[in-house]
S.K.: 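Could you have a look at this structure, given as structure tokens, before my questions?
In what follows, every chain begins at residue 1, and chains take the letters A, B, ... in the order their sequences are listed. Predicted model only: the values in this text are computed from it and were never measured.
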Amino acid sequence: QQQVKQSPQSLIVQKGGISIINCAYENTAFDYFPWYQQFPGKGPALLIAIRPDVSEKKEGRFTISFNKSAKQFSLHIMDSQPGDSATYFCAAFKMAGTALIFGKGTTLSVSS
Amino acid sequence: ETGVTQSPTHLIKTRGQQVTLRCSSQSGHNTVSWYQQALGQGPQFIFQYYREEENGRGNFPPRFSGLQFPNYSSELNVNALELDDSALYLCASSLDRGSNQPQHFGDGTRLSIL
């Protein structure tokens, strides 16, 4: 059973466009939702994170939108750049837990 | 500030062999978690160590074992290697355990089993 479902699997966006990646979860015990960015040959790097008491968090060009009632959250990348081309993972962490539960990832390609 | 470092970066083993992977946590971090990332997949939690004790374990068999040392560095040991163990093994450290402490990843060890 996949606890965190991520879509789409791949995404192609033109330079300057908005990239949107969606995630859904089932377990209401999750209380921390980070997004990681991974380049080929590198480990995942923490990009931005949100907790369920906040509906939106913005850091530079990256915004997380969080819908607690729908159990969904999404990453928006504004003014997408070729350097943003990478694999993005959403994740969830359970209150009093130990493990990050990852989605399957979205490969983003930003064309110039 | 030094980030999470892992060694070796690449390793090739054959079925049935044993392997040890190493991780140095970020300065000041007392919690280390290990993840397995198969090609094209998200990382899967193996286990976590907090102050030298195992603090949680994912759905991996006992031939996956670990250690954490007094300086909070850590090892992942895998016995009786199988072809399906071929993956990127990631170590993540955090300031403390719990969801209020972000996990920061190293660049991983790429393990190939022949």
S.K.: A side-chain contact here means heavy atoms from C-beta on lying under 4.5 Å apart; do Thr98(A) and Phe47(B) qualify?
M.R.: no

S.K.: Between Cys91(B), Gly108(B), Gly58(B), Gly98(B), which residue shows the highest count of heavy-atom pairs closer than 4.5 Å to chain A?
M.R.: Gly98(B)

S.K.: Supply the atom-to-atom distance Phe93(A) CZ to Gln101(B) CD, rounded to the nearest 0.5 angstrom.
M.R.: 9.5 Å

S.K.: Starting from Tyr72(B), can I reach Leu67(B) by hopping between I/L/V/M/F/W/Y residues whose side chains sit under 4.5 Å apart?
M.R.: no

S.K.: Please say whether more than 12 non-hydrogen atoms of neighbouring residues, nucleotides or ligands are located less than 6.0 Å from NZ in Lys94(A).
M.R.: no

S.K.: Any chain of hydrophobic side-chain contacts (each under 4.5 Å) joining Leu90(B) to Phe64(B)?
M.R.: no

S.K.: Can you say whether Tyr35(B) sits under 4.5 Å from chain A via the side chain, the backbone, both, or neither, judging by heavy atoms?
M.R.: side chain

S.K.: Under a 4.5 Å cutoff for heavy-atom pairs, which residue among Ser33(B), Gly56(B), Pro102(B) has the most contacts with chain A?
M.R.: Pro102(B)

S.K.: I need the contact set between residues 37-58 of chain A and chain B: heavy-atom distance under 4.5 Å, sorted by residue number.
M.R.: Gln38(A), Gly41(A), Lys42(A), Gly43(A), Pro44(A), Leu46(A), Arg51(A)

S.K.: Answer with side chain, backbone, both or neither: which region of Gln41(B) has an atom nearer than 4.5 Å to a non-hydrogen atom of chain A?
M.R.: both

S.K.: Hey, which of Gln103(B), Gln44(B), Gln6(B), Arg110(B) has the most heavy atom pairs under 4.5 Å with chain A?
M.R.: Gln103(B)

S.K.: So with a 6.0 Å cut-off around CD of Glu59(A), is the heavy-atom count from everything else above 12?
M.R.: yes

S.K.: Would Tyr89(B) and Leu83(B) show up in the same hydrophobic cluster when neighbours are defined by side-chain heavy atoms closer than 4.5 Å?
M.R.: yes

S.K.: Where on Leu88(B) is there a heavy atom nearer than 4.5 Å to chain A: the side chain, the backbone, both, or neither?
M.R.: side chain

S.K.: Please answer: with hydrophobic residues joined when any side-chain heavy atoms are less than 4.5 Å apart, are Val32(B) and Leu95(B) in the same cluster?
M.R.: no

S.K.: Do Tyr50(B) and Trp34(B) sit in one hydrophobic cluster, given that two such residues count as connected whenever their side-chain heavy atoms are within less than 4.5 Å of each other, even indirectly?
M.R.: no

S.K.: Is atom CG of Leu39(B) surrounded by more than 12 heavy atoms (other residues, nucleotides or ligands) closer than 6.0 Å?
M.R.: no

S.K.: Report all side-chain donor-acceptor pairs from residues 99-108 of chain A shorter than 3.5 Å, counting only partners two or more places apart or in another chain.
M.R.:
{"from": "Thr106(A)", "atom 1": "OG1", "to": "Gln6(A)", "atom 2": "NE2", "distance (Å)": "3.0"}
{"from": "Thr106(A)", "atom 1": "OG1", "to": "Pro8(A)", "atom 2": "O", "distance (Å)": "2.5"}

S.K.: What distance separates Gln37(B) CD from Phe89(A) CZ, expressed to the nearest 0.5 Å?
M.R.: 4.5 Å

S.K.: Quick one: what part of Phe30(A) sits under 4.5 Å from any heavy atom of chain B, side chain, backbone, both or neither?
M.R.: neither

S.K.: Look at atom CZ of Arg63(B) and say whether more than 12 heavy atoms of other residues, nucleotides or ligands are closer to it than 6.0 Å.
M.R.: yes

